[in-house]
Amino acid sequence: MHAIVGENGAGKSTLMKILYGMQKPDEGTITVDGEQVTLHSPADAIARGIGMVHQHFMLADNLTVLENTVLGGESLYGIGGRARDKIREISDAYGLGIRPDVLVEDLGVADRQRVEILKVLYRGARTLILDEPTAVLVPQEVDALFANLRELKAEGLTVIFISHKLGEVLSVADEITVIRRGTTVASVSPDEVSTKQLAELMVGSELPTPETRESTVTDRPVLSVEGLTVHTHDAEHGDRTVLDDVGFTIHAGEVLGLAGVEGNGQTELIEALIGLKHADAGTIRLGDEEITGWATRRRREGGIGYIPEDRHRHGLLLESPLWENRILGHVTEQPNSRGYWLKPKAARADTERIVEEYDVRTPGIEVTAGSLSGGNQQKLIVGREMSHHPRFLIAAHPTRGVDVGAQAQIWDQIREARHEGLAVLLISADLDELIGLSDTLRVMYRGRLVADADPATITPEELGTAMTGAASGHLEHEEGDAATGSDADGRPDAASGAQNEENEHE
Amino acid sequence: MSDGGKPGVAAASGRPTTRARLDRLVLALGGPVLALGVAVLLTSAVLLLSGRSPVEPYVLMIEYAGNADIQVLIVNQATTYYIAALAVAVGFRMNLFNIGVDGQYRLAAMVAAVTGAAFSLPAPLHVLVIMAVAMLTGAFWAGIAGILKTSRGVSEVVSTIMLNAIATSIIAYLILPAQFGEQRGNNLTTGQIAESGWFPGFDTGPGGVVYGFIVVAALLGVVYWLVLNRTRFGFDLRATGASQSAAAASGVDAKRMIFTSMVISGGVAGLAGMPVLLGDSHTYSLVFPVGIGFTGITIALLGRNHPVGIAFGALLIAFLDKASATLDYSGYEKEIATIMQGLIVIAVVISYEAVRRYGLRRQQQKVGEELAAQAASAPGDTSQNLSKGASA
């Protein structure tokens, strides 16, 4: 079982796409079973025994497990009894526990994932690629998945496992490859490294620290949220409360960091704050005004800046030139328009300024946003949002997929604006970033704010524990922890948080 | 990099260089030229297969179009097409497929004809009232599809097709003598509009009269361009078309946008019947032109939703329509032109997508190359920029 770890944007997914034949390499070779191969398409990969389980499941809800499995592979074992027998055989062999005749829509996430794995095995795969398989699972399901994977390994199959959850990687992998910015930086064995060392390998030792110590927090509240509750309805989960009685206040000059495993309500909180989601209960106040009922545009004009978590979906028009992207989100504001009329000239000139000041690497402002690299797209977004001097900034994963240099720059920008009285809600999966930039920390778990912590003393491991719901209330830094942490043999120290977490589930 | 030793400088200025402009023009024209070329080739192939000359029909049509009266016919037909295509293009720009232009313009023309024949006003006012009624009717009919989409999530494709069929039935009912119709020989009409409600044309002598409405059509094209490219509303509309999620996050109210653009599209569609009604027939009858809305879709596609492109598209399709009449006299079927129109549509869709992808890929490559060149020409630049950015 081979794990591939790396930051977001390090090239993990690209590598997997190449292995699965979805993308062609510009250079280099792939060798399968000692034979050099060229994979032109996923069909090629499947023929070579390589199968992929995608992060987002590709199943038809209104078909049964059997139908989903044979779909596209009808020639293998037919579509009837023979196929059903084969499915049972595979399921029993690896302990997958699959019932061939249930509808996929009646299955939970973990079961669906097992169906995906079965689909791949059904096609005769000997090498399985799993793209962040644990991202959607709760801890107990993760353990079950790992048990399945160990079963596969015992049968002689190869599993390639992509993740950025280091605790998991250390607990299941036999070998770990760390990639950073598109190159392999290390190949290690899980016995040799700790999560901390692995993290350092992932981000690089020249990692700039996002630390910001002198406090600029004032007692002037900029954003106050009280009792915010949001319900959603979807086919997969039915009715759910995704935000449950969330309340916090961010003052001028304060960065409030929100930690949490993805999918615990952060996205919904952002959408409720920017006005894309309707609050079912609770109030949101910006300064002295209640903005709960305001539309998105009014909120943005009122001084909310927005660095979205998915810049391609929410932050940019990929096929439009940079200067039009500079207008996006601020079309009613200077210098982009006067009255009902756009001012393309002024917008162009201001785009030039942003490109210059925020060091957006581009040959010009007429190129499409989609042709820039992720980091430069992000710099453009940060520059655009900062140019309108927001009172309150929503910064969701502001440095995701951004190279180290640009990262430092974006942190500087946030720090500087904070110094001038900006209130920031920082949401990030990078715990060092959260701890380093924030003045206050909150932990979100299943739609609730369950814990708070002081960024001056907390460690990423302690924060990580709270993110899984294992700790709540005010998190105090335990001195004892740090003592074991500096143990001479080095092995268990930083891994302790993740290890504890593992132990609890077992 | 032909512009010498400092590619970074020229590019970094941000102003599109002549080279870049030329590039964009080539890309913009590449699609249509490719599509037309392919369509001509395929049509010739069809002719060859049926044992005819693969070239003669084109020659015949071009010769025929040399006549002044045919030219007037083509221009008049193109005027109607142009307006219908603009109506479709408004929807296309925000990813709405208004197939209902056909029903919208016919219903609008019918209602406007009935209203116009019912009373008489001083000349310019009479025409304006008829136009206003037409726009309102078209907007209303399209607005139904807009409301269905925003309130119930009904696809505008489905609802506008249905509304086309309903419009056909409503018109058939209203034109009966028991309602607003008048029997004229074998034909049913809605009565003659008084001369004060005619739109004066340009008399070209032997060629005939060019619809005066061509001026309105041209103005519409200008307004279309201005609204889309120079107003906040237009920006929101284009943003919604480019990425609905990004537009929503930028503060566009998606539902209102869908409804508004549907209504605008319908309003413009309402005018598509006006060149004929105000410039020629002065009544709505059983022989009023049909199917213009569908041709408008072809033309909007062909013209890439650009007002100038649409003008050329409208002229081309009108040419095929009118000049093909001569084929019948020379032993060819005039359906050859219809085949060609169909092939143009297919070729347009394919070639535009191909050219678009090629353009995006090429740009990505070029951006990569130029950045690499910049970095190579100024190795110390990186750190400088970084510190500048940080202190800014």
Side-chain angles (χ1 to χ4, degrees), chain A residues 271 274-276 295-301 306 308 310-320 322-325 327-332 336-337 339-342 344 348 351-352 355-359 361-368 370-373 376 379 405-406 408-409 412-413 416, chain B residues 7-8 10-17 20-21 24 226-227 229-236 238-254 256 356 359-371 373-375 381-392:
Chain A
E271 288 181 346
I274 195 71
L276 287 172
T296 304
R297 175 147 295 163
R298 194 158 163 214
R299 293 188 196 201
R300 295 201 121 194
E301 287 166 353
Y306 180 34
D310 184 341
R311 55 179 165 260
H312 288 178
R313 268 176 60 74
H314 293 123
L316 294 170
L317 304 173
L318 291 175
E319 293 190 21
S320 301
L322 297 191
W323 67 271
E324 289 199 341
N325 276 287
I327 298 176
L328 187 72
H330 302 279
V331 68
T332 55
N336 299 328
S337 64
Y340 288 102
W341 295 94
L342 288 186
R348 276 198 174 91
T351 312
E352 301 268 12
V355 164
E356 175 90 4
E357 272 181 26
Y358 290 80
D359 188 29
R361 306 283 169 80
T362 170
I365 60 166
E366 299 291 335
V367 301
T368 57
S371 52
L372 297 190
S373 72
N376 285 308
K379 285 190 269 187
Q409 213 180 314
D412 276 343
Q413 244 97 41
E416 208 172 306
Chain B
S13 74
R15 248 170 279 115
T17 55
R21 272 208 201 109
R24 261 198 313 197
L226 273 178
V227 168
N229 294 294
R230 285 288 181 270
T231 67
R232 271 165 38 178
F233 172 77
F235 184 85
D236 282 345
R238 285 184 294 128
T240 314
S243 164
Q244 200 158 343
S245 52
S250 86
V252 178
D253 181 340
R256 209 169 70 193
R356 188 184 73 93
L360 284 178
R361 239 200 347 263
R362 213 171 74 125
Q363 190 174 47
Q364 246 161 23
Q365 258 168 19
K366 259 175 57 180
V367 168
E369 275 168 22
E370 286 186 37
L371 287 179
Q374 267 181 33
D381 206 30
T382 315
S383 54
Q384 256 174 21
N385 273 344
L386 266 180
S387 56
K388 204 194 310 168
S391 64

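The structure displayed is predicted, hence computed values, not measured ones. The chains referred to below are lettered A, B, ... by the order of the sequence lines, with proteins before strands, and numbering in each begins at 1.
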Need one label for [X]: side chain, backbone, both or neither, based on atoms under 4.5 Å from any heavy atom in chain B.
X        : answer
A:Glu301 : neither
A:Leu318 : neither
A:Arg313 : both
A:Pro344 : side chain
A:Thr332 : both
A:Ser337 : side chain

Worksheet item: Which of the residues B:Ala247, B:Gly234, B:Ala248, B:Ala242 is involved in the greatest number of heavy-atom pairs with chain A at under 4.5 angstrom?
Response: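 Ranked by contacts with chain A, first place is B:Ala248.
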
Worksheet item: Is it true that a side-chain atom of B:Arg230 and a backbone atom of A:Trp341 form a donor plus acceptor pair closer than 3.5 Å?
Response: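 Not at all, since once roles are kept as given, no pair shorter than 3.5 Å links the two residues.
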
Item to complete: Starting from the C-alpha separation in whole Å, work towards a yes-or-no answer on side-chain contact (heavy atoms from CB on, under 4.5 Å) for B:Ser250 and A:Arg300.
Response: CA-CA 8 Å; B:Ser250 86; A:Arg300 295 201 121 194; 4.3 Å; yes

Item to complete: Side chain from CB out, backbone as N, CA, C, O: work out which of these in B:Arg361 comes under 4.5 Å of a heavy atom of chain A, or both, or neither.
Response: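 For B:Arg361, neither part sits under 4.5 Å from chain A.
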
Worksheet entry | Region of B:Val252 in contact with chain A, defined by heavy-atom distances below 4.5 Å |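 Answer is both: backbone and side chain atoms of B:Val252 are under 4.5 Å from chain A.
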
Taking all atoms of both residues into account, what is the closest heavy-atom pair of [X] and [Y], and its distance?
X        : Y        : answer
A:Leu342 : B:Asn229 : CD1-O, 3.7 Å
A:Leu328 : B:Ala239 : CD1-CB, 4.1 Å
B:Ala246 : A:Leu317 : CB-CD2, 4.1 Å

Fill in: With B:Arg256 via side chain to side chain contact (heavy atoms under 4.5 Å, CB included) - residues at least two apart
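Once residues adjacent in sequence are excluded, the partners of B:Arg256 under the side chain to side chain contact (heavy atoms under 4.5 Å, CB included) criterion are B:Asp253, B:Thr260.
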
Fill in: A:Arg297: salt bridge (charged side-chain N to carboxylate O under 4.0 Å, His left out) partners, not counting sequence neighbours
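If we apply the salt bridge (charged side-chain N to carboxylate O under 4.0 Å, His left out) test to A:Arg297, skipping adjacent residues, the hits are B:Asp236.
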
